[in-house]
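Just so it is clear: chains get the letters A, B, ... in the order the sequence lines come, proteins before strands, and each one is counted from 1. Keep in mind that what you see is a predicted model, and the values were worked out from it rather than measured.
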Amino acid sequence: MTWVEELSEPHELRRCIRDLVALSTLPAIWKSYNPRQIADSVAAAMLSMLNVDIVYISVPELRDERAVEVTRTRDAVSSGSGVLIERLLRSAWLGRCDEVFVIDIPFAPGKLRIAVTPIGIGGNAVIVAGSISPQFPRETDRLLLGIAANDTTIALQRWHAEAEQRRLVALTERSSEFVGVASLDGTPQYLNAAGFDLIGLSDIEEAQRHNVLDFFAPEERTRARLELMPLVMKTGRWLGEINLRHFRTGEVIPFFVDWFRIDDPRTGRPTNLATVSRDLRSQKKLEADLRRLNESLEQRVVERTSELAEALQRLTVESQERLRSDARAHALQLELFHSSRLSAAGQMAGALAHELNQPLTAFTNSVNAGRRMIANGAHCRTDTVRDVLGEAADQALRAGEIIRRLREFVTRGETEIRNESLPDLIRGASDLATAGTGAHGVQVRLRFDPRAETALVNRIQIQQVMFNLIRNAHEAMAQSEWRELEVATARLDDESIEIAVIDHGTGLPVEIAEHLFEPFHTTKSDGMGMGLSICRSIVEAHGGKLRYEPNSSGGAIFRLTLPDGGKS
Amino acid sequence: MAHERVVYIVDDDPAVRRSLEWLLDAAGFRAVSYATPKAFLVVAGGLPAGCALLDVRMPEMDGLQVQSRLLSIKPDLPVIVMTGQGDVQTAVCAMKAGAVDFIEKPYSDDALIAAIESALTACAPKDRTGDIAAAVALVDTLSPRERQVLEALVAGRPNKVIAFDLGISVRTVEVHRARMMDRLGVAQFAEAVRLSVLASLAGSG
């Protein structure tokens, strides 16, 4: 008997139609059901509609959804054996789909006829129905099981799709980026929460009173309308930075805008405009902060560098200044010493010239007068000539007296005489005389006789003498190849010591050497011819001697003898 | 004695005065000496013609001041100034102020007497025109460089400074100086100064 013949019976037909209607209402109920609830509902419906004793539904794990197994049994099957049957079914149907098979009933005598119907969502999703009725499954049973499997498939697929969509919506809504969708003419259709918030709109109704072009800052709108929107329509996408405007506050907000077109995947025709855009304020602020930080850092580096450079410059200048002022001070000291000596000598020479001019004039006049008187013969009176000659002699003596006074003046000064350390005295004089003559590159060698440590002298005066002698030696060697100056002390005898100043300069011609110690004899272009004369006066005032002898190896030797200090 | 040639001596040094009197007396002049400028100036207005021999360095009043006073009291009295050695500046001043000559102490009797003779002949400061013309002629024989050196020396500059100013060596200055003295026919620098000053007076009459 075919299932169509069975349906010819009015009772069966009515029952089948009733079941079909009942089954068709189920998907509407499942709208908010999860897979387990759907499976349970199907199982319950099959148990009530079909002449079955047990329904087992298995939905395998699908994407993130856990696997579901549901078993429903008629009251005839004790609940205790349900689990057993379930395990039995689970192992029994494996690998068998769309077929009917028979197993022994574990809890009662007889056989259980099993029908397996696949659910079309892939995997091993099945509806397994079992009955002890020997007619199972009839055609109507198969028909209803097939429809139930179909409905379950659709319900599960819809559930999965909706779950996907819910996740996407949640993501979109929770995103901090501006997400929006609009129609092709620019009417807003969707904005996520961030979208509303960022541009100051409260809901989609308010948004739909505007065009998406109004979202842009006023000065950007023309560009957006004429340039960007056509570009998106044409190429599908525009990416770039552009300013939007907050509707409430009017604040202009920089965005990184990804504006794109959504196309219908089947027809390829554009359906929507959409955007995912990022608020750049914090980024810009960060960038600006970073830039400022960089700049201030650079500025500080520049400032610090220039400070350092300035400090360095200052130090350099200061050190140069110090060097210069040291050199100046040194030169000045030397100049002072020299000029005091020179000016004393100069004043002395000036005074000497004037003082001497008078007696010399009178002397010359007298002598010439006497000469003329004698020449005139006739009215020459002897006593007058005697007077004239007497005057001449007096004036010559007067001139000599002036020179003697000057000499005394020169050697007078500080008259304190005591034991002085010769090495100290000579070193001092040498340092002073050598200073400023560095260019000559003279090698100075001081040699001190331990037996001639001290001399009885006026330190200032003898130092002046030593200064003169050493300075002369330096100047004498300015042009020499062999520039070595030796100052040596030596004990002569119990009562006197000697200081020798030995140079390797040009030496002195005999005619000069003869008049060396006479005043106004000089070999120097700028000399006065007073130095050695005064030196000798000073030395003689100390009871010593100053004399010159030529150096056998070229140059000059001045020997200065002084009374020994040790004995006094 | 047809014409008495009087020399008025003003010097504060008695020995110089005495010896000058003897010398000038022996040389045929009548010497009248004054110990102070004041003593001379008091009587100067009424003195007979002659020539004045003024010492530059005197206490109270120096020779140049005496000279300028004399110019108002007795302008026709020729003046010879006795200067110290190398006192070029004073000599130049004296010459410019109208002294007919200057002479450096100590001087030779010939130089002194020549100067006095010349002064007495000229008789008055205004009659220096002959001397001036002669000086101009002599100075004109100098090369430009030699004249520069002469002018600088008359201005009292030392050789070193002249060398620096002219951009030549001291040695070259010395050479110019020697040649300049040669051309002017003078042995003493004072004479060169005298010529130079005289020549410089040519324009001013």
query: Per the side-chain contact (heavy atoms from CB on, under 4.5 Å) rule, which among A/Asn365, A/Asn368, A/Thr364 passes with B/Tyr107?
result: A/Asn365
- line: Turns out that what part of B/Arg17 lies under 4.5 Å from chain A's heavy atoms comes down to neither
- line: Whatever's closer than 4.5 Å to a heavy atom in chain A on B/Ile113 counts as side chain
message: Is it true that, when you exclude B/Arg69 itself, more than 12 heavy atoms of the residues, nucleotides or ligands shown sit nearer than 6.0 Å to its CZ?
response: no
query: How long is the gap from CG on B/Leu23 to CE on A/Met373, to the nearest 0.5 Å?
result: 8.5 Å
message: Let me confirm one number: the NZ-CG distance from B/Lys105 to A/Leu356, rounded to the nearest 0.5 Å.
response: 12.5 Å
field: Greatest number of heavy atom pairs closer than 4.5 Å to chain A - which of B/Asp11, B/Val16, B/Val170, B/Asn159
entry: B/Val16
field: Within residues 358-373 of chain A or reaching into it, pairs that qualify as salt bridge (charged side-chain N to carboxylate O under 4.0 Å, His left out) - sequence neighbours excluded
entry: A/Arg371-B/Asp109, A/Arg372-B/Asp109, A/Arg372-B/Asp110
message: Heavy atom to heavy atom, less than 4.5 Å: which residues from residues 387-394 of chain A reach chain B?
response: A/Asp387, A/Val388, A/Glu391
- line: For A/Ser366 and B/Ser19, the nearest pair of non-hydrogen atoms, with its separation, is OG-CB, 3.2 Å
- request: Could you tell me which non-hydrogen atom of A/Asn376 sits nearest to which non-hydrogen atom of B/Ala26, and how far apart they are?
  value: ND2-O, 2.6 Å
